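Please read these numbers as outputs of a predicted model, since none were measured by experiment. Residue numbers start at 1 and run along the sequence shown. Worth knowing before you read on, the calculation uses all heavy atoms, side chains too, and leaves out hydrogens, waters and symmetry mates.
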Amino acid sequence: MSVAIENFVKAIYKNDKHDSNDTKPGNIAKKLGISNAAATDMAKKLATKDLLHYEKYKALKLTEKGTKMALNVVRKHRLWEALLFKMFDMSLHEIHREAELLEHETSDFLADKISAYLGNPKFDPHGDPIPNANGEITTEDTSISLSQAKEGQNYIISRLMSDDKEFFDFCAQHGLKYGNSVTVTKQFSTNKMTQILINNNTILLNEDFTKIIYINEI
């Protein structure tokens, strides 16, 4: 399959699973940086290939075949992120950028080799689950967003759900990384801001950040 097709089904999968936007062609177009017309044409094309269900004005839904393709691409992407992070200590934005290119050039054989070399990891450096070779995610997600956290509670950062460079630069600067512990010291419900303590530093975060930083109770 072409890079464009793989990116299209992956975008539908990720929007459906994680993002606040739904999977209507217009939202997929925005995510991929293409026109609405191009997204609609692609959706119609992939419907004929039994990769998704298309109805005019309705959200796009992947078929079993389409979901399997999306998970295969996601698996390769996250394995590359894990490998690049381990070998070169690259930033989270850098590993994401390079994995976007490498995922489409990777055979199932090589993906299995990378996974075995890394010890078959369950999560990538962002905290995102890595599907296994059968396209299954075997981990249970019990995390909540930082915006939902309770005051006075200690948490472990379990996921950073973004691909934005400025976000990752900010996180790196302040120690907001997968596996680090934080204490929520104050929730400002009216202003939708969260104050946290991390590495003995107090940080005030707005909702744009607290909605994409996920945590688990310690």
Side-chain angles (χ1 to χ4, degrees), residues 1-84 95-143 159-163 212 214:
M1 290 291 180
S2 71
V3 171
I5 291 175
E6 289 185 343
N7 280 336
F8 200 86
V9 297
K10 185 178 73 168
I12 295 172
Y13 173 82
K14 293 183 73 173
N15 259 34
D16 185 49
K17 293 294 181 182
H18 309 308
D19 294 345
S20 57
N21 293 328
D22 64 28
T23 59
K24 288 181 179 178
N27 284 321
I28 301 303
K30 184 177 179 181
K31 191 175 187 74
L32 296 175
I34 60 178
S35 69
N36 288 1
T40 298
D41 288 344
M42 177 65 84
K44 291 177 179 178
K45 174 183 176 181
L46 299 192
T48 66
K49 297 179 180 292
D50 191 33
L51 292 172
L52 58 81
H53 299 292
Y54 170 78
E55 286 186 63
K56 194 173 182 179
Y57 306 125
K58 297 288 183 67
L60 302 174
K61 296 294 182 183
L62 294 176
T63 61
E64 183 177 346
K65 181 179 176 182
T67 300
K68 184 176 180 180
M69 175 186 288
L71 283 166
N72 186 256
V73 179
V74 166
R75 167 178 163 79
K76 292 170 181 176
H77 179 101
R78 293 176 180 173
L79 283 171
W80 273 116
E81 288 190 328
L83 182 66
L84 294 172
I95 63 173
H96 176 78
R97 181 188 64 203
E98 297 304 318
E100 283 288 306
L101 303 173
L102 292 165
E103 68 189 28
H104 304 292
E105 306 299 329
T106 305
S107 66
D108 293 343
F109 172 80
L110 180 56
D112 290 343
K113 289 293 185 183
I114 294 172
S115 183
Y117 173 77
L118 294 171
N120 299 311
K122 299 287 188 182
F123 299 94
D124 72 9
H126 299 90
D128 292 320
I130 300 176
N132 64 22
N134 296 320
E136 302 164 336
I137 293 176
T138 58
T139 55
E140 182 181 357
D141 186 7
T142 58
S143 61
R159 207 167 185 181
L160 301 172
M161 293 179 60
S162 175
D163 54 15
I212 56 178
Y214 276 70

Next item on the list: Provide the full list of side chain to side chain donor-acceptor pair (under 3.5 Å) pairs with a residue in residues 102-116, sequence neighbours left out, each pair given once.
Entry: Glu6-His104, Asn7-His104, Lys10-Glu103, Asn72-Asp108, Arg75-Asp112, Lys76-Asp108, His77-Glu103, Trp80-Thr106, Ser115-Asn120
Checklist line | Close side-chain approach of Asn27 to Asn15, heavy-atom, < 4.5 Å | finding: yes
Notebook entry, point to check: Say you draw a straight line from CZ of Arg78 to CG of Leu71; how long is it, rounded to the nearest 0.5 Å?
Noted result: 8.5 Å
Next item on the list: Can you see which heavy atom on Leu79 is nearest to which on Ala111, and at what distance?
Entry: CD1-O, 3.5 Å
Checklist line | Spacing of Met69 atom CE and Ile12 atom CD1 [to the nearest 0.5 Å] | finding: 11.0 Å
Next item on the list: Write down the atom of Lys31, the atom of Ala11, and the distance for their closest heavy-atom approach.
Entry: CD-CB, 3.9 Å
What pairs of donor and acceptor atoms, side-chain ones from residues 36-53 against any protein atom, are under 3.5 angstrom apart with sequence neighbours left out?
unit_1: Thr40; atom_1: OG1; unit_2: Asn36; atom_2: O; d: 3.1
unit_1: Thr48; atom_1: OG1; unit_2: Lys45; atom_2: O; d: 2.5

Can you give each donor-acceptor pair under 3.5 Å made by side-chain atoms of residues 125-139, sequence neighbours left out, with the distance rounded to 0.1 Å?
unit_1: His126; atom_1: ND1; unit_2: Glu81; atom_2: OE1; d: 3.1
unit_1: His126; atom_1: NE2; unit_2: Leu92; atom_2: O; d: 3.4
unit_1: Asp128; atom_1: OD1; unit_2: Arg159; atom_2: NE; d: 2.6
unit_1: Asp128; atom_1: OD1; unit_2: Arg159; atom_2: NH2; d: 3.2
unit_1: Asn132; atom_1: OD1; unit_2: Asn134; atom_2: N; d: 2.9
unit_1: Asn132; atom_1: OD1; unit_2: Gly135; atom_2: N; d: 3.2
unit_1: Asn132; atom_1: OD1; unit_2: Glu136; atom_2: N; d: 2.9
unit_1: Asn132; atom_1: ND2; unit_2: Glu136; atom_2: OE1; d: 3.1
unit_1: Thr138; atom_1: OG1; unit_2: Lys122; atom_2: NZ; d: 3.2

Checklist line | Sole candidate of Leu102, Ile95, Leu118 that passes side-chain contact (heavy atoms from CB on, under 4.5 Å) when paired with Leu83 | finding: Leu118
